[in-house]
Amino acid sequence: AVVSTQSTGIRHNSKMLGLGLYPKEYNPRVHGPYFPGTYYGKNKDLPLQEVKIKDMKVWFSRRSLNPLDWCRCVGRFGWRYTYKWIITKRPCIAFAFHI
């Protein structure tokens with residue numbers, strides 16, 4: 001959807017970069033309720049902590065170099081961290097010590 005503002009005359013695409021939208025890979029019938037800290041893509045690779053040192057170069061070569069993908073990754077980490085440490089049933093001050 002293209003949105004036009006009368007006062008400035010600037011046209012922009014509201015779906016630019018997929019901001020504010022669910023990921024393309026997300027299917028509510030398959031995945032259930034949406035959680036922003038979950039990666040819904042197809043590439044279920046080994047986690048970094050399970051990769052051997054000799055296989056690191058190959059593992060990093062399979063990662064995307066797109067800056068938008070890196071921003072999404074950091075955002076997913078932020079959501080997971082927030083749910084685990086900040087907005088829990090019994091919140092504590094532990095997250096402050098992580099900083």
Side-chain angles (χ1 to χ4, degrees):
V2 176
V3 179
S4 177
T5 55
Q6 290 287 12
S7 61
T8 59
I10 298 173
R11 293 171 47 100
H12 68 279
N13 190 348
S14 63
K15 293 183 181 180
M16 183 178 86
L17 301 176
L19 298 174
L21 302 174
Y22 291 124
K24 290 183 279 189
E25 301 86 5
Y26 172 68
N27 183 353
R29 292 183 181 152
V30 175
H31 300 110
Y34 178 71
F35 176 59
T38 303
Y39 176 66
Y40 292 104
K42 296 178 184 175
N43 187 11
K44 299 292 182 182
D45 203 358
L46 284 173
L48 180 59
Q49 63 223 26
E50 294 179 16
V51 177
K52 295 184 171 45
I53 299 293
K54 65 178 181 175
D55 299 330
M56 290 291 266
K57 186 174 181 179
V58 176
W59 188 85
F60 275 110
S61 70
R62 292 190 301 255
R63 303 282 80 90
S64 171
L65 298 177
N66 186 351
L68 187 58
D69 291 337
W70 284 88
C71 291
R72 289 177 180 149
C73 179
V74 170
R76 285 191 302 270
F77 169 76
W79 277 104
R80 287 192 305 264
Y81 182 84
T82 301
Y83 271 83
K84 184 172 183 172
W85 293 103
I86 299 174
I87 54 174
T88 61
K89 250 185 196 177
R90 290 184 233 148
C92 62
I93 195 163
F95 73 89
F97 292 107
H98 292 165
I99 299 172

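Counting begins at 1 with the first residue of the sequence.
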Side-chain touch Phe95/Lys84, heavy atoms, less than 4.5 angstrom
no
Name all residues meeting the side-chain hydrogen bond (donor to acceptor under 3.5 Å, both in side chains) criterion together with Tyr40; count only those two or more places apart in sequence or in a different chain, and write none if there are none.
none
Exam field: side chain Thr82 to backbone Gly78, donor-acceptor pair closer than 3.5 Å:
yes
Could you tell me which non-hydrogen atom of [X] sits nearest to which non-hydrogen atom of [Y], and how far apart they are?
{"X": "Tyr26", "Y": "Gly32", "answer": "OH-O, 2.6 Å"}
{"X": "Tyr34", "Y": "Pro23", "answer": "CE1-CD, 3.6 Å"}
{"X": "Glu25", "Y": "His31", "answer": "O-CE1, 3.4 Å"}
{"X": "Ser64", "Y": "Trp70", "answer": "O-NE1, 2.8 Å"}
{"X": "Leu48", "Y": "Phe60", "answer": "CD1-CZ, 4.4 Å"}
{"X": "Leu46", "Y": "Trp59", "answer": "O-NE1, 2.9 Å"}

Hydrophobic cluster membership, Val30 vs Tyr39, 4.5 Å side-chain cutoff
no
Hey, could you give me the CD1/SG distance between Ile86 and Cys92, rounded to the nearest 0.5 Å?
10.5 Å
Sequence neighbours left out, what passes salt bridge (charged side-chain N to carboxylate O under 4.0 Å, His left out) with Asp45? Give chain and number order.
Arg62, Arg63
Is it true that atom CD1 of Ile87 has more than 12 heavy atoms of other residues, nucleotides or ligands lying nearer than 6.0 Å?
yes
On the 0 to 90° scale, with breaks at 30° and 60°, tag the Trp85-His98 ring pair as parallel, tilted or perpendicular.
perpendicular
